[in-house]
*Asks:* 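Below: one structure in structure tokens.
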Amino acid sequence: MSKSTSNNTETSGNIFQRILKSRIVKHLFFIAIFLLLVLGAILFWLSMYTNHGQKLEMPDYVSTHLDDASDDAEDKSFEIIVNDSIHIVGEPGGMIRSQNPLAGAMVKENRKVYVTTTKYNADQIKLSSLPTLYGNDYERKAKEIGYQSINAVVKDRKYDSGEPDHILEVWYKGKQIVNRVGRKNDVVINKGDTLEFVISKNSG
């Protein structure tokens with residue numbers, strides 16, 4: 001290799017090193033890094049913005065216990081709110097009976113789901129709120145109290161000089177609450193419970 005060629009190679013190498021060490025190159029390098037970071041942040045934000053507000057299918061929570069439904073709703077970015085509660089004879093408390101929005105509806109995340117649940121404790125009614133029972137026809141009064149979610153059964157039949165199948169006594173939880181003398185109006189009856197009746201017969 002000639003001396004001039006060697007000198008040219010060294011000169012080119014020195015120029016390249018000076019370019020790498022120059023401030024302009026350093027600034028350009030930092031600008032490129034900055035632009036890459038900004039671009040990455042923009043792409044991440046666009047991804048989050050696109051997913052935010054996306055519509056999800058509403059699950060069916062009817063016949064599900066409130067605790068289980070609340071856990072599932074939280075996992076799916078929903079919020080369960082008890083709007084009302086009702087007593088249903090024979091059904092345990094805390095069961096969801098209806099929901100709004102309905103199952104299958106397409107809704108946004110963080111949507112509130114309003115539900116109606118069953119009560120843990122039965123509704124109650126005072127004996128004073130029931131119609132007059134003593135001396136009246138059993139079938140008719142049994143139907144009337146049935147409208148108030150109270151059951152009726154015949155406990156016994158006793159002879160009476162009046163009309164047959166009329167009410168002589170009423171019992172509740174082993175205690176007499178209605179007879180010919182009067183009735184205990186302060187007695188509280190759970191809806192869904194049963195009153196026992198002693199009714200008249202014209203023989204015996």
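The figures that follow rest on heavy atoms only: side chains count, while hydrogens, waters and symmetry mates do not. Every value quoted in this text rests on a predicted model; they were computed, and no experiment measured them.
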*Asks:* List the atom of P59, the atom of D72, and the distance in Å for their closest heavy-atom pair.
*Replies:* CG-OD2, 4.1 Å
*Asks:* Which atom pair, heavy atoms only, marks the closest approach of P131 to E144?
*Replies:* CG-OE1, 3.3 Å
*Asks:* Evaluate the side-chain proximity of K112 to F78: yes if any heavy-atom separation is below 4.5 Å, no if none is.
*Replies:* no
*Asks:* Do you know the tightest heavy-atom contact between T132 and N136?
*Replies:* O-ND2, 3.2 Å
*Asks:* Measuring only between side-chain heavy atoms, which start at C-beta, is D160 closer than 4.5 Å to N202?
*Replies:* no
*Asks:* Does I125 offer a backbone N or O that forms a donor-acceptor pair with the side chain of S129 under 3.5 Å?
*Replies:* no
*Asks:* Would you say the side chain of L195 lies within less than 4.5 Å of the side chain of L130, judging by non-hydrogen atoms?
*Replies:* yes
*Asks:* Quick check for you: to the nearest 0.5 Å, what is the distance between D60 atom CG and E57 atom CD?
*Replies:* 10.0 Å
*Asks:* Is the shortest heavy-atom distance from the side chain of R97 to the side chain of I88 under 4.5 Å?
*Replies:* yes
*Asks:* Mark yes or no for whether T118, through its side chain, and M95, through its backbone, hold a donor-acceptor pair below 3.5 Å.
*Replies:* yes
*Asks:* Check whether any side-chain heavy atom of L66 lies under 4.5 Å from a side-chain heavy atom of I80, and answer yes or no.
*Replies:* yes
*Asks:* Between I96 and A69, what is the shortest heavy-atom contact and its length?
*Replies:* CD1-CB, 3.6 Å
*Asks:* Provide the closest heavy-atom pair for K108 versus R111 in the form atom of the first, atom of the second, distance.
*Replies:* O-CB, 3.2 Å
*Asks:* When you compare the side chains of N190 and Q124, does any donor N or O come within less than 3.5 Å of an acceptor on the partner?
*Replies:* yes
*Asks:* Tell me, do I177 and R183 make a side-chain contact under 4.5 Å, heavy atoms counted?
*Replies:* no
*Asks:* Taking Q99 for its side chain and Y61 for its backbone only, find out whether a donor-acceptor pair lies under 3.5 Å.
*Replies:* yes
*Asks:* In terms of side-chain heavy atoms, does Y134 have a donor or acceptor partner in N179 at a distance below 3.5 Å?
*Replies:* no
*Asks:* Using a strict cut-off of less than 4.0 Å between a Lys/Arg side-chain nitrogen and an Asp/Glu carboxylate oxygen, indicate whether K141 and D137 qualify as a salt bridge.
*Replies:* no
*Asks:* Any idea which heavy atoms bring D193 and Y172 closest together, and the distance?
*Replies:* OD2-OH, 2.6 Å
*Asks:* Rounded to the nearest 0.5 Å, what's the gap from CG on N100 to OH on Y114? Could you check?
*Replies:* 9.0 Å
*Asks:* Using a 3.5 Å distance criterion without hydrogens, assess whether the side chain of S200 forms a donor-acceptor pair with backbone atoms of D165.
*Replies:* yes
